[in-house]
Structure formats: structure tokens, C-alpha cells
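Everything numeric in this text was worked out from a predicted model, so none of it was measured. Just so we're on the same page: letters track the sequence lines, and every chain starts at 1.
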Amino acid sequence: MTAIDAALSFNPARDPMRLRRMVTLGVLAIALILALILALGIGAVAIAPSQVVAILVQHLGITTGVTFDSYQEAALTSVRLPRLLLALASGATLGIAGASLQALFRNPLAEPLLIGVSGGAACGAVAWIVFGGLGLGLGAWGLPFAAFGASLIATAGVMLGARGEGRLDISTLLLSGLAMNALTSAILGYIIYLATESQVRALTFWMLGSLGGATWDAIAPAALLMALGVGALVLLTRPFNALALGEAEAGHLGVPVERVKLVTVVAVALGVGASTALTGVVGFVGLVSPHIVRLIGGSDHRFVIPGSALLGALIVTLADVVARTLVAPAELPIGVVTSAIGAPFFFWLLRYRTHQAVRR
Amino acid sequence: MSLKGSELSVRAGGKPILRRASLEVRPGELVAIVGPNGAGKSTLLKALAGENSNLLGSVVLNGRALKHWRAEEIALQRAVLPQSPGLAFPFRVWDVVELGRYPLRGLASGDEHHAAITGAMDAADVTRFAERDCRTLSGGELHRVHFARTLAQIWAPLPDGRARFLLLDEPTAALDLSHQHAILARARGVASDGAGVLVVLHDLNLAAAFADRVVVMDKGGIVDAGTPGETLTTALIQSVWGVETEIVRDPATGRPRIYVRPQGIAKLRTIGEARAFAAE
């Protein structure tokens, strides 16, 4: 059955959950578009929403009656637009990476930060900065690749540590992730110890996250890596559903389990590594997005994966607006914003769910 | 065409838990594996499902060694219900049964998928739960949902005529009386429909009532195999389970019915004796 047949044969009365999922994705998409226009308009140079739209469509050759000046156009196209695209790409990547790791490890606690992927990426990026590109001279591609390579090594280490007798053990996985985090913290600490004063300030960027480094030149290679990672994960939604039954059962359903694991790990390391290389460690997005999406529309990954991408992008976009405006003209690190808002919200969510469960 | 395991051996923790077991399941028959705890029943079923990585011996599915089939092709030909099926995330009952159609994606039409899912849910008596979150079901109800999933997986005969197989590991353990019989009657029906069915059971009377052949296992090996009437004798039950029984023929079916003699239950210490023994 093709997607068009499926859409035509869809009867909302027969499947209320599917209607709910479609509405949820629609609402998230509209919210994201509104957030984009808001994010593009807010800043030192104020741009009204109508002007934002006018500047954007002008590049498509459409002229509107709305007037804007060249400062506004320059601020929008050379500063805010790349920054916004980075927010969208890394938010969507973190959301999908979180949802995918939770599916792979069959544990709602898994997220890039908790299993050491982000720590590994930060190690790679920080080593690249302090040791001056390690003498490899790869230009704009070097940093994402350093972060990517280190995140892949960290993820592979966690996976190897948690594997016994051919299967992945959940409690060992968390311990293995803790060990990897301790290790990456130690490496980070050692590199910071070696760094000069001025380098330390630059390094703080990686630890706490910021979208301030977004330029068209910088985001092009990273966005390519993120698109590769996300593209691979999006194809795995049905195997992820089967994996919820357990690895052996997914195998009985014909899922090539070992290949799915490998592709997922590589794709997550690819996407999160590239994202972290440009933004630093942005916590909680990968953990919270899939949770909220599942609460609204259930656990089918054909819904959770796109939902987490939209919500992750929405969260990072709005968090960046807060980071830019709260202490303007200075900037808060975005990781501070996502964790400061994300953690209390998550507490509330857990309490709310517990109360719901009691009432049910 | 068959699912055939030859000389299957598995070691775990340095001990053999399956010793040179050979078993063939043919299309159209229901084979029950019975035996005491730790006899190797589940290990044999998992070996035939291709789950053991450290397996000695060969498993042949429809004329080709299991390891030479691709995973997706195996999934078209046989479904497996594990002893304790798990679910990592809150799925609806419908979504879980639909997972059984995973191997047939692109091979069947939307209507065929829908018919298989609704039919399988009806056969496992879970239709009224369709929209429920699986976490809100009881253990037995959840087990039936997973049974429906395996039925949906091998719902229709394959177009090329290859035989289908259904492997069920203690499907009745968590079920109430009526559903124990209902599930085995469905499994029987799957066999009559042309598939081969292998069931691990603890209840000898259920095995006697539903199986074409009974395979008795003890200490990792196959002790006896044959029709229920041939295998389930007082002498065999005494030697394998250490339980004295009386066996009568069911007048309607001619199949054996087994009654355990109270004085014949395995010689375990009573609670009082155990307490006295521990105090010494």
C-alpha cells in the first residue's frame, strides 16, 4: 500500500489514535513555523514578523508591499538565518537521536548525554581546539569530524561495555554510560588543565552550549553530517517498534537486529557529534522530547521519531531566543537554558504522570 | 517440508543443558514438548527458533539450513511466542499485533494486513482490548496479545506453498482455564490449516488432549516421543517426574487422561520437617 492509498483509505473514526497523532504533528509543525518567525525577528535589530516574511520571500523572487531596510536584511540573512538553521538542525537531531537511543536500548532513560555520546563529542571538539587542529589542517570540516570521531568511540565503548553473551544489558548499559561519562570528564578536565586562559574561555562554550558560532560556512558541513545521521534513523522507525518487544523477538520478526544496532549507533554518533561540534553540549532535549511526544500520542516510532524531531527543533529554537534576550546584549549558554527549564519541567512531568497513574 | 533439528546440543555455564536432541515438526501437526523444570524444553524450542548462538547440530527449515535463510525470509515462515514476552514502551494492543505483520510489509495489501490483524485478535480473544494501552492489561491478557501477534505473522499460507511454523513456549502458563483450552484449540486450528506447531507445555493433560505427538524431555535430552497414548504412561511419568499417576482413556477421544495420586507426589520434606532439618 502506498502512502497515498493509506491517506485516502484513512478513516478517523476507525482509528482515533492516528487522528490524534496527525493533529499533534500538525500542531507541532505550525508552532515551529511561528517560533521561526519569532526567532528571526527578535534581537538587537528588531524585525517585525511581516518584515521577516517579506525578506524571506524576496529571496524567492516575490515582492510584497512591506518595507524593510538593508540592516534588517543583513541581520536576518547573514546572522539570524544560519543561527536558526543550526537551532533547527541540532534540535531535530538531538530529538531523533534521543528517541532512537531509547528505542535501541529499550530504556526511556537513554539519551546522548547519559550514554557518553555528547561527552565524547565534547572531548573531540575541545582537543581539536586546544591542540590546534591536531596539525591536520582540515579547515571547517575538522571540528565536526573530531567531535564525530570521539563520539563514535565513546558510544562504541559504552555499547561494548554493556554487552554480554551477545545481548545488551540495560542496567550494565547505564553503568557503562556512567563510566564513559567519568572518563570523558577526566579527559576534558585534563585538556582544560593544559589549556591557556584564553582557550579556557573558549572551551566553556563547548561545555554549556551556544549557537553563537553559526555562520553559513560553519553549518554547511555539520548540517550535511546531521542530515546523514537523521536520514538513516528516520528509516528505522518500524525496526524500532519491533525492538520494543526485545532483541530476540525483533529477530524473529525478521529485523536484522545487529545491523540496526550498528546503523543506529553510527548515525547517532554522526548526528550528535556534528551537532555538538557546533553548539557544544545541549542537555535534556534528547531525553525530554521523545517523552513528551510519547505522552501525547503513544510509542509508535513512526510518530515518535518525526514528533521528537519537530519538538526538539522547537525547544532549541525557543531556548536560543531566551538565551539571546534574557541578559541582552550578553548571551546565556543555551545548555543552561535547556537544562534550567527542562529539568524542572521534567520533574513536574514525572509527578504528573505518577498522579495520573494513581487516578487510573 | 519441515522444521528439523538434528543432534542439537547447547552448553551454558560449562554444563550441557541440551544433549543431542533431534526433533522434526511437519506441516499439519501439533507437537508438544513436556518435561520437568530444567529439562531443556525452552532451550530446544529456542534452538529450533535459531536463538542460540552457541548451538551444536543443525536446524533445517523447509529444506534449507536456518543459517542460510535471511532473517526476513525466516520470519515469513515461522513465528515464535516467548515464555515471557516483554514490551519496553507503552504500545496499544493493536500496535503490538500489527508488529506481527512486519515481515510481510510490501508483500500484502492494506486490506490483507487489516484482515490478518483483526482475525488474529479475534482468535486470541483480545479484540475488545484493541485500543487499550498494553500496560493496563493483566499478565494473561498480555500473553494473549502476543499470541495474536504470532498468529498475525503466519496468518495466511505463503504464495509459494512453503510451510509455516508456530513455536509457542508455555503459551498457557499465565492463562485461565478457558483461555488455556481456547489458545491450544487455536494452535490446533493453525495446524489443521497446514502449519506445523510446536508447543512447550507443563500440563500433561493439555498435551494429551491437543497434541498429535508428545516429546518427553528430561535432563537436557529427549526421553521418548510418540502419540500421547504411546508416551504418557504411568511408568514414564514415574521415572521422569517421580510422580505416581493413574491414567484412563477419555471415552470420547480415546486420549489419555492423567490423574496424580496424592500419596505419589515427589518426596519433598514437609514444612515442619524442613524446619526441623534446618534447625539441626
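Using bins of under 30°, 30° to 60° and over 60° for the plane-to-plane angle, the ring pair A/H301/B/F89 lands in the perpendicular bin.
Each of A/R21, A/R302, A/R18, A/R238 was compared with B/D95 under the salt bridge (charged side-chain N to carboxylate O under 4.0 Å, His left out) criterion, and only A/R21 meets it. Of the residues B/V80, B/I74, B/T150, the one that meets the side chain to side chain contact (heavy atoms under 4.5 Å, CB included) test with A/H252 is B/V80.
Within a 6.0 Å sphere centred on CZ of B/R20, heavy atoms belonging to other residues, nucleotides or ligands number 12 at most. For B/R64, the CZ atom counts as densely surrounded, since its 6.0 Å shell holds more than 12 non-hydrogen atoms of other residues, nucleotides or ligands.
The closest side-chain heavy-atom distance from A/E249 to B/P85 is not below 4.5 Å. Residues A/L253 and B/R149 meet the side-chain proximity criterion, which asks for heavy atoms closer than 4.5 Å.
Annotation: maximal heavy-atom pairing with chain A below 4.5 Å, among B/G50, B/A49, B/G86, occurs at B/G86. Contacts with chain A were tallied for B/A75, B/A88, B/A130; B/A88 has the most, counting heavy-atom pairs under 4.5 Å.
At a 4.5 Å heavy-atom cutoff, A/V304 makes no contact with chain B through either its backbone or its side chain. B/P103 touches chain A through backbone and side chain together, each having a heavy atom under 4.5 Å away. There is no contact between B/H113 and chain A, counting heavy-atom distances below 4.5 Å. With a 4.5 Å cut-off on non-hydrogen atoms, B/E73 does not touch chain A at all.
To the nearest 0.5 angstrom, A/D300 atom CG is 8.0 Å from B/R92 atom CZ.
Nearest heavy-atom pair across B/F91 and A/A244 is CE1-CB, 3.4 Å. The two residues A/S299 and B/P90 come nearest to each other via the heavy atoms OG-O, 2.7 Å.
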